[in-house]
Number of protein chains: 2
Amino acid sequence: MKKQNTEIRQQQIKRAVLEIIASEGLAQLSTRNLAKKIGLSEGAIFRHFKRKQDIILAIIQDIRTDMLERMCVVARQDAPADKRLFKMMCIQVKYILKNEGINILLFSEAAHYNDSVLKREIHDILSSQKKIFKDVIKSGISEELWSDRINVDDVVMLYMGIPINLNIELVLNRKGLKTESFCKRMFALFSNILINQ
Amino acid sequence: MKKQNTEIRQQQIKRAVLEIIASEGLAQLSTRNLAKKIGLSEGAIFRHFKRKQDIILAIIQDIRTDMLERMCVVARQDAPADKRLFKMMCIQVKYILKNEGINILLFSEAAHYNDSVLKREIHDILSSQKKIFKDVIKSGISEELWSDRINVDDVVMLYMGIPINLNIELVLNRKGLKTESFCKRMFALFSNILINQ
DNA sequence: AATATAAGTAAGTGATTACTTATGAAAAAA
DNA sequence: TTTTTTCATAAGTAATCACTTACTTATATT
């Protein structure tokens, strides 16, 4: 195998991890299987990541930059809150569908190993999402788009069920999910709640 | 170890499994650790369950009888739909809190081993829950308690996020959950949705 | 009391796990 | 060109996994 520097190898390893999880399941994510997938020796993996868990943590960091930060950018845009909320929902739903429930699988990994570091990371991501949505909803209330009688915390909790539900149904091999209309339907439903509270 | 018949041992084994999952995590659920917890030899486990997976499947069956069937009984009671809905939510939330997110942990097990039988079982339980709620909401619409403009499927999906969220937050060691008021708050929020759609 | 059966154990099985060590070779720096 | 550093590998490591085997013992039935 031709030599490559650590950065390139780290990218390859992370990509291979996601492929294995999506196609074979978490239990098949052994360092042996991982090395085989890339075409490297098993030992080489440990040159680029000190521990197997560090690969998972690096992937979680990628979720932060690929999904959370993009949602954050939209949340700060100069546009009406309802437009921003819709865009944020789209980013999240598209990311989940593109990555086939990868974040809930990472949750499963955290639950499986009862790993407090991993649990904390997942918890932080969920909290960040909540905070972003909370701010946009508050902003929509000041813009007088939505009722000022709504309990923002309750509504955000209700909202969070949508992506989590989607993740779980993807993992459980749900058929017949109309991906195209999903975002619009959920946004319409959620708008009603925000207006009519 | 004194001899006991299979029924008693099966109960002991199932209880020990739940204790290990709750206190040590799924990864510590080895047949060795399980036997040690009960005070039996490892081989004795396999006299009472053919495979380790069969223990998990038996526990899922218990979830059905302990939670789903009780919800079903309430759903069929002769009472206004809103009263029934509230009682069902309470049964579910109490069960989740009492069993510390056990069903989402079983979901994690299914996801981890990519086990189609287990996945199917979890999916069936979620589907059954949805069906029960759907019927009660429809009943509430005929009783003219709630708006007939609501899309029942969407609302049920939104509802399902509540228990799933609760499960996940329990696994991720959320602090400061006001368990007492949780049910009432969520029911109030959900009632508004059903009335104002 | 003799016998059959169910429930128990100790000590394995091979497979797999994450990770290490010793060694060598390619690439980069001197 | 020589030296140094980085990356790769083959071949380990001890630990753990679900599960089995061979055998023993308690209990229920005849």
Side-chain angles (χ1 to χ4, degrees), chain A residues 1-18 20-21 24-59 105-106 108-118, chain B residues 1-18 20-21 23-60 105-106 108-118:
Chain A
M1 168 63 71
K2 190 174 181 302
K3 289 195 179 181
Q4 297 286 347
N5 67 37
T6 288
E7 254 172 76
I8 290 177
R9 287 284 185 236
Q10 283 181 340
Q11 290 299 328
Q12 289 179 339
I13 291 167
K14 286 187 288 182
R15 199 182 330 126
V17 163
L18 295 181
I20 289 171
I21 289 177
E24 302 169 53
L26 274 166
Q28 298 306 309
L29 185 62
S30 62
T31 46
R32 183 178 305 183
N33 197 11
L34 184 54
K36 191 180 150 199
K37 186 112 188 169
I38 306 167
L40 272 174
S41 70
E42 202 178 344
I45 304 284
F46 291 92
R47 179 163 304 277
H48 306 295
F49 287 100
K50 200 180 175 190
R51 297 168 305 154
K52 187 191 171 191
Q53 201 217 27
D54 290 345
I55 311 175
I56 307 289
L57 292 175
I59 289 174
L105 286 171
L106 293 176
S108 290
E109 186 82 350
H112 196 90
Y113 293 109
N114 203 18
D115 182 317
S116 55
V117 177
L118 219 50
Chain B
M1 170 59 72
K2 190 174 181 304
K3 290 193 179 182
Q4 297 286 348
N5 68 37
T6 289
E7 255 171 72
I8 290 177
R9 286 285 184 235
Q10 283 181 340
Q11 291 298 330
Q12 289 179 342
I13 292 167
K14 285 188 287 182
R15 198 183 330 126
V17 163
L18 294 182
I20 290 171
I21 290 178
S23 63
E24 303 169 53
L26 275 166
Q28 298 306 310
L29 184 63
S30 62
T31 46
R32 184 175 308 184
N33 197 10
L34 185 55
K36 191 179 149 200
K37 187 114 190 166
I38 306 168
L40 272 175
S41 70
E42 202 178 346
I45 304 285
F46 291 93
R47 178 150 320 266
H48 306 294
F49 286 101
K50 201 178 175 189
R51 297 168 306 155
K52 187 190 172 191
Q53 201 218 27
D54 290 344
I55 311 174
I56 307 289
L57 293 175
I59 289 173
I60 289 180
L105 286 172
L106 293 176
S108 290
E109 185 82 350
H112 195 91
Y113 293 110
N114 203 19
D115 183 316
S116 54
V117 177
L118 222 48

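Bear in mind the structure is a predicted one, so any value in this text is a computation, not a measurement. Computed over heavy atoms, backbone and side chain alike; hydrogens, waters and symmetry mates excluded. Per chain, numbering begins at 1; letters A, B, ... match sequence-line order.
- Contact check of residues 42-55 of chain A against DNA chain C (heavy atom, cut-off under 4.0 Å) returns A:Glu42, A:Gly43, A:Phe46, A:Arg51, A:Lys52.
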Identify every side-chain donor-acceptor pair in residues 37-49 of chain A under 3.5 Å, counting partners at least two apart or on other chains, and give the distances.
from    : atom 1 : to      : atom 2 : distance (Å)
A:Ser41 : OG     : A:Ala44 : N      : 3.4
A:Glu42 : OE2    : A:Thr31 : OG1    : 2.7
A:His48 : ND1    : A:Thr6  : OG1    : 3.1

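- Closest approach of A:Ser108 and A:Leu26 over heavy atoms only: CB-CD1, 3.9 Å.
- Residue pairs meeting the salt bridge (charged side-chain N to carboxylate O under 4.0 Å, His left out) criterion with at least one member in residues 9-18 of chain A, sequence neighbours excluded, are A:Lys14-A:Asp62.
- Here the CG-CD1 distance, from B:Leu106 to B:Ile21, works out to 5.5 Å after rounding to the nearest 0.5 Å.
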Requested in this report: Determine, stepwise, if the pair A:Leu29 / A:Asn33 fulfils side-chain contact (heavy atoms from CB on, under 4.5 Å).
Outcome: CA-CA 6 Å; A:Leu29 185 62; A:Asn33 197 11; over 6 Å; no
Query raised in the report: Between A:Leu34 and A:Lys52, does a side-chain contact (heavy atoms from CB on, under 4.5 Å) hold up when you go through it step by step?
Result: CA-CA 10 Å; A:Leu34 184 54; A:Lys52 187 191 171 191; 5.9 Å; no
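- For A:Gln11, there are no side-chain hydrogen bond (donor to acceptor under 3.5 Å, both in side chains) partners at least two apart in sequence or on another chain.
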Using the 3.5 Å cut-off, write out each protein N or O paired with an N or O of nucleotides 28-30 of chain D and the distance between them.
none

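- With sequence neighbours excluded, no residue forms a side-chain hydrogen bond (donor to acceptor under 3.5 Å, both in side chains) with B:Gln10.
- Considering CG of A:Asn114 and OG of B:Ser23, their distance stands at 8.5 Å, rounded to 0.5 Å.
- Contacts between residues 4-12 of chain B and DNA chain C, counted as heavy-atom distances below 4.0 Å, involve B:Gln4, B:Asn5, B:Thr6, B:Arg9.
- Between the CD1 atom of B:Ile38 and the P atom of C:dA7 there is a distance of 14 Å, given to the nearest Å.
- Look at CG on A:Leu40: it is 16 Å from C1' on C:dC19, rounded to the nearest Å.
- Following rounding to the nearest Å, A:Ile20 (CD1) and C:dT17 (C1') show an atom-to-atom distance of 14 Å.
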Taking only nitrogen or oxygen atoms into account, show me every contact under 3.5 Å that the protein makes with nucleotides 27-30 of chain C, one pair per line with its distance.
none

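- The CG-C1' distance, from A:Leu26 to C:dT16, rounds to 17 Å in whole Å.
- Partners of A:Gln53 according to the side-chain contact (heavy atoms from CB on, under 4.5 Å) rule, which considers only residues two or more places apart in sequence or in another chain, are A:Arg51, A:Leu57, A:Asp115, A:Val117.
- Relative ring orientation between B:His112 and A:His112 is described as parallel, the plane-to-plane angle staying below 30° on a 0-90° scale split at 30° and 60°.
- The structure places OH of A:Tyr113 at 10.0 Å from CD of B:Gln28, a figure rounded to the nearest 0.5 Å.
- Contacts between residues 29-37 of chain B and DNA chain D, defined by a heavy-atom separation under 4.0 Å, are made by B:Leu29, B:Ser30, B:Thr31, B:Arg32.
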